[in-house]
Amino acid sequence: MAQLFKRWSNKLPLSLAALVLLALAGAIGFFSFYGSPRYTDAGYRPQQPVPYSHALHAGDLGMDCRYCHHAIEAAPHANLPPTQTCMNCHKLLLPESSRLMPVRESWSSNLPIVWARVHLLPDYAYFNHSAHLAAGVGCSTCHGMIARMVVVKQMAPLSMGWCLACHRNADPSLRPASEITSMEWKPAADQARFAAALRMERKINPPQDCSGCHR
């Protein structure tokens with residue numbers, strides 16, 4: 001009597017099991033990347049009510065970040081510039097420009113410009129902007145090369161894993177206070193020795209437990 005199943009059919013259960021495992025691994029990999037901040041958040045670039053170019057102001061003109069974001073070294077949250085800051089220059093520079101119409105309207109109506117926030121952490125994550133600058137972490141470490149961006153976008157995922165990676169090894173990100181806003185700063189050859197001295201001097205010990213960021 002002929003066999004109902006061919007000999008090759010004996011391998012079907014093993015092949016199906018391997019196919020299921022491969023599909024499961026693929027699904028996990030797909031959602032772990034495309035559902036993570038590396039994909040959903042990094043690259044976010046909202047349109048602003050005023051076409052402000054950081055590449056022009058911070059790059060070509062060399063304006064320091066602290067001229068507009070004046071509270072970044074003292075406040076827990078980075079401030080957005082008030083209209084007065086813009087008008088300090090633009091009362092004289094390009095006062096009739098159509099691109100600056102929202103700025104002039106804000107100035108005359110005394111209503112703030114509603115900027116679209118680019119870097120926004122969830123409410124359950126505690127982050128102190130001034131503490132990081134005081135420790136020696138520069139603007140470009142988290143925000144990227146802002147001075148080259150015509151339209152600012154989020155460069156880093158700002159995820160828990162990304163933050164923890166820096167907290168576990170902050171040495172490459174630490175720089176002198178005079179270089180905090182520099183876009184061209186790069187770690188020196190003796191970065192490890194400099195970072196060790198800075199950590200001791202400023203008592204830098206980034207928290208790695210839950211209560212450090214979730215309070």
Hey, does the side chain of Q48 reach the backbone of V50 with a donor-acceptor pair shorter than 3.5 angstrom?
no
Under 3.5 Å: donor-acceptor pair, side chain of R104, backbone of P95
yes
Between H69 (side chain) and I72 (backbone), is there a donor-acceptor pair under 3.5 Å?
no
Examine distances only and state if a side-chain atom of Q191 and a backbone atom of L174 form a donor-acceptor pair shorter than 3.5 Å.
yes
Verify, without hydrogens or angle tests, whether D190 (side chain) and R193 (backbone) share a donor-acceptor contact under 3.5 angstrom.
no
N/O donor-acceptor pairs under 3.5 Å from side chains in residues 199-206, not counting sequence neighbours:
{"from": "R199", "atom 1": "NE", "to": "D171", "atom 2": "OD1", "distance (Å)": "2.7"}
{"from": "R199", "atom 1": "NH2", "to": "D171", "atom 2": "OD2", "distance (Å)": "3.3"}
{"from": "R202", "atom 1": "NH1", "to": "A134", "atom 2": "O", "distance (Å)": "2.8"}

Spatial distance of atom CG (L19) from atom CG (L24) [nearest 0.5 Å]
11.5 Å
Taking the inter-plane angle between the rings of H57 and Y52 on a 0 to 90° scale, is it parallel (under 30°), tilted (30 to 60°) or perpendicular (over 60°)?
parallel
Does S97 use its side chain to pair, donor to acceptor, with the backbone of L94 at less than 3.5 Å?
no
Show the nearest heavy-atom pair for residues C68 and M63, with the distance to one decimal.
SG-CE, 4.2 Å
Taking ring pair (Phe, Tyr, Trp, His ring centres under 6.0 Å) as the criterion, tell me which of H77, H214, H132 meets it with F127.
H132
Tell me whether S106 contacts the main-chain N or O of L111 through its side chain, where contact means a donor paired with an acceptor under 3.5 Å.
yes
Show me the donor-acceptor pairs within less than 3.5 Å that the side chains of residues 137-149 make with the rest of the protein, sequence neighbours left out.
{"from": "S140", "atom 1": "OG", "to": "R175", "atom 2": "NH2", "distance (Å)": "3.1"}
{"from": "H143", "atom 1": "ND1", "to": "H119", "atom 2": "NE2", "distance (Å)": "3.3"}

